[in-house]
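To start, the structure under review is shown below, and the notes come after it.
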Amino acid sequence: MINETPRVRFAPSPTGYLHVGGLRTALYNYLFAKRNGGKFILRIEDTDRNRYVEGAVENLIKTMNWVGLNYDEGPDIDGNYGPYFQSERLEIYKKYADRLIEEGKAYYCFCTADRLTRLREEQQKAKLPQAKYDKHCLSLSKEEIQQKLNAGERYVIRLNVKPGPKVSFNDEVRDRVEFDRDSIDDQILIKSDSFPTYHMANVVDDHLMKITHVIRGEEWLSSTPKHVLLYDYLGWELPIFAHLPLLLNSDKSKLSKRQGDVAVEDYRDKGYFKESLINFVALLGWSAGDNVEFYNLQELIEKFSLDRVHKAGAVFNVEKLNWLNEEHLRSKPNEELLEGLKKALTVSKYKNLNLTDEYLLLIVEAMKERVSFVKDYIDSCTYFYEDPTEYDETVIKKRWKEKSPEYLEKYKERISTIENPTKEDFEKTLKDLAEELEVGLGQFMHPLRLAVSGVGGGPGMFDLLYIVGKDRIISRISTAFEKIKK
RNA sequence: GGCCCGUUGGUGUAAUUGGUUAACACGUCGCCCUUUCACGGCGAAGAGUACGGGUUCGAGUCCCGUACGGGUCACCA
């Protein structure tokens with residue numbers, strides 16, 4: 001095994017969307033594979049027919065593609081170990097279950113759901129430390145079993161956990177973990193609908209698909225002894241386990257829908273870049289130990305290692321995600337942001353404006369240090385798309401002076417005589433005027449910004465003027481005279 | 001409740017594997033830059049490492065106990 005190329009898998013059950021915790025698990029698997037020259041496999045754990053969700057797999061694949069975690073084998077990328085849907089591997093599980101039965105390591109169980117709940121209740125009443133199946137059906141004779149089978153009685157197949165030493169295994173992030181054997185229940189392996197349970201399916205598939213490292217969430221830690229036992233019963237070599245710390249809500253409970261968005265799609269729709277999501281989630285439970293926090297996927301591949309994965313759960317902190325999104329935005333070329341902006345524009349109220357790339361690029365550049373999301377290129381500077389309809393009250397109070405109309409009128413007159421004014425023209429005109437009238441530049445700039453944009457903040461004064469342009473400046477100044485009353 | 005895992009500023013993490021005053025980032029606050037807002041720069045507050053014992057010349061790092069948090073105990077994954 002030492003020399004085998006690593007094979008890891010991300011094995012979600014298709015519930016409809018990709019959970020951010022799932023994204024983190026997928027990412028670590030991906031990084032581990034890429035770092036070590038291995039293969040990354042996507043396997044669909046669709047063994048619960050009651051939870052079937054229409055279109056869930058398609059959506060999952062779409063989201064995986066969007067974030068760029070490309071797998072080497074999966075439902076739509078054939079490898080030599082398919083099928084990659086567990087629902088298409090039923091005969092395989094059955095075959096191994098039969099083998100276990102033959103060897104006395106598993107057995108048929110005909111107990112009804114009724115009996116099981118009654119059993120559980122009794123055990124609870126008796127204050128037993130733990131509710132476990134009582135191996136009732138283990139004592140059935142061969143004839144009895146055959147008879148029931150022939151009669152078509154519904155059955156499940158259970159793991160036969162026999163007394164023995166502690167079950168232990170090594171975990172890459174938690175070192176050695178041990179469980180008492182009698183704390184392990186006779187887990188159902190094959191359900192009465194002939195579908196396997198997760199425990200059976202994941203062990204069989206991981207072995208058959210030659211998975212070398214099982215990297216999954218910590219919620220699986222306590223069922224790992226069952227899996228270890230199965231490997232043992234089947235005579236298979238154990239993979240290396242790595243149980244990742246959970247992602248938490250701000251109250252430290254397991255990250256849940258109730259306390260915010262958990263779907264990767266939600267974050268995508270809110271305007272987060274896949275780069276920031278990946279970067280952020282990578283840092284939840286892992287660090288290279290070198291103070292670097294800004295990464296792209298390639299850099300993560302180069303730095304990642306399982307032995308630097310943290311043990312404790314990590315709170316999902318949106319503020320840091322926001323910061324990372326700003327950082328990634330600023331690192332992107334303007335052309336890419338332009339494409340994003342154009343796309344955002346098509347679904348905005350400005351979709352019919354037909355603005356040129358040249359014009360939009362000016363906005364992209366002027367606002368680059370002032371936005372967190374591409375959509376902010378619209379939302380936080382609407383004055384580039386339409387005349388202001390309101391004027392910020394506090395700015396009026398602070399900046400709109402008695403003489404403001406007079407100054408602005410003069411500026412308006414002067415720029416109206418310039419043909420195709422450049423940014424420098426707007427600047428020189430303003431400075432000259434202020435000098436002639438012997439007043440501070442601020443007497444011009446602040447009211448002018450207010451009149452042109454309606455707000456007190458924004459890009460550099462002359463960028464603002466240049467982008468808005470002479471004609472609109474002139475008309476907006478006139479409008480401001482009417483609308484701004486002190 | 002049983003079992004398992006965990007616990008370093010508000011949050012994410014670091015600390016040469018036992019060796020100075022516990023470091024960085026996000027967030028917060030302040031100053032500088034900029035006659036705007038941001039970006040950027042500088043600085044501050046904020047943990048004495050959950051708590052209590054031990055081992056040791058020396059413990060965030062090792063051991064034990066307690067507390068707290070979480071996970072798990074399905075014919076769900």
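Everything numeric here is computed off the predicted structure, so don't read it as measured data. Residue numbering restarts at 1 for every chain, and letters A, B, ... go by the order of the sequence lines.
Ion pairing between a basic and an acidic side chain is recognised when a charged N comes within 4.0 Å of a carboxylate O; A:Asp376 and A:Arg370 show no such pairing. The pair A:Lys428-A:Glu424 fails the salt-bridge criterion, with no side-chain N (NZ, NE, NH1 or NH2) lying under 4.0 Å from an Asp/Glu carboxylate O. Under the 4.0 Å criterion applied to side-chain N and carboxylate O atoms, A:Lys410 and A:Glu406 are assigned as salt-bridge partners. Salt bridge A:Glu121/A:Lys125: absent, no basic N to carboxylate O contact under 4.0 Å. Salt bridge A:Arg43/A:Asp206: present, at least one basic N to carboxylate O contact under 4.0 Å.
Between the C1' atom of B:rG2 and the CG atom of A:Asp182 lies a distance of 11 Å, rounded to the nearest Å. One can place CG of A:Asn317 at 7 Å from C1' of B:rC26, the figure rounded to the nearest angstrom. In this structure, the CG atom of A:Asn325 is 15 Å from the P atom of B:rC26, given to the nearest Å. Rounded to an integer number of Å, the gap from NZ of A:Lys303 to P of B:rU13 is 16 Å. The CZ-P distance, from A:Arg115 to B:rA74, rounds to 15 Å in whole Å.
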Taking only nitrogen or oxygen atoms into account, show me every contact under 3.5 Å that the protein makes with nucleotides 3-9 of chain B, one pair per line with its distance.
from	atom 1	to	atom 2	distance (Å)
B:rC5	O2'	A:Arg174	NH1	2.5
B:rC5	O2'	A:Glu218	OE2	3.2

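Map A:Asn291 and A:Pro129 each onto its nearest nucleotide of RNA chain B; the residue landing nearer the 5' end is A:Pro129. Remark on RNA chain B: of its neighbouring residues A:Tyr198 and A:Phe280, the 5'-side contact belongs to A:Phe280, judged by nearest-heavy-atom nucleotide.
Under the rule for a side chain to side chain contact (heavy atoms under 4.5 Å, CB included), A:Glu58 has no partner lying at least two apart in sequence or in another chain. Taking A:Tyr17 as the reference, nothing meets the ring pair (Phe, Tyr, Trp, His ring centres under 6.0 Å) condition, with sequence neighbours excluded. Legend: residues meeting side chain to side chain contact (heavy atoms under 4.5 Å, CB included) with A:Lys412, ordered by chain and number and at least two apart, are A:Glu409, A:Ile474, A:Ile477, A:Ser478. Partners of A:Asp186 by salt bridge (charged side-chain N to carboxylate O under 4.0 Å, His left out), not counting sequence neighbours, listed by chain and number: A:Lys135. Residues forming a ring pair (Phe, Tyr, Trp, His ring centres under 6.0 Å) with A:Tyr385 (at least two apart in sequence, or on another chain): A:Tyr350. For A:Phe273, there are no ring pair (Phe, Tyr, Trp, His ring centres under 6.0 Å) partners two or more places apart in sequence or in a different chain.
Note: A:Tyr198 and A:Trp220 meet the aromatic proximity criterion, with ring centroids under 6.0 Å apart.
Using a 4.0 Å cut-off on heavy atoms, the residues of residues 43-51 of chain A that approach RNA chain B are A:Glu45, A:Thr47, A:Asp48, A:Arg51, listed by number. The stretch residues 379-394 of chain A does not touch RNA chain B, since none of its heavy atoms comes less than 4.0 Å from the strand.
Counting only N and O atoms by type, the side chains of A:Tyr233 and A:Asn160 include no donor and acceptor under 3.5 Å apart. Between the side chains of A:Asn296 and A:Glu275, no donor N or O sits under 3.5 Å from an acceptor N or O. A:Ser372 and A:Asn322 share no side-chain donor-acceptor pair at under 3.5 Å.
A:Lys132 comes within 4.0 angstrom of no nucleic acid atom, judged by non-hydrogen atoms across all strands. Note on A:Leu324: nothing from the nucleic acid sits closer than 4.0 angstrom, heavy atoms only. Residue A:Ser192 is in base contact, counting any heavy-atom pair closer than 4.0 Å across all strands shown. Residue A:Pro196 is classed as a sugar-phosphate contact, given heavy-atom separations below 4.0 Å to backbone atoms only.
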* Asked: Under the salt bridge (charged side-chain N to carboxylate O under 4.0 Å, His left out) criterion, do A:Asp185 and A:Lys226 qualify, and how do the steps go?
  -> CA-CA 8 Å; A:Asp185 199 3; A:Lys226 290 169 186 170; over 6 Å; no
* Structure fact -> Contact string for nucleotides 35-47 of chain B, one letter per nucleotide 5' to 3', B = base within protein heavy-atom range under 4.0 Å, S = sugar-phosphate only, - = neither, reads BBBBSS-------
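Both key distances under 3.5 Å define a Watson-Crick or G-U pair, and stretches of 3 or more such consecutive pairs in RNA chain B run B:1-7 with B:67-73, B:10-13 with B:23-26, B:28-32 with B:40-44, B:50-54 with B:62-66.
Among residue pairs with one or both ends in residues 437-460 of chain A, those qualifying as ring pair (Phe, Tyr, Trp, His ring centres under 6.0 Å) are A:Tyr407-A:Phe444; sequence neighbours excluded.
Annotated as syn: B:rU17, whose glycosidic dihedral is within 90° of 0.
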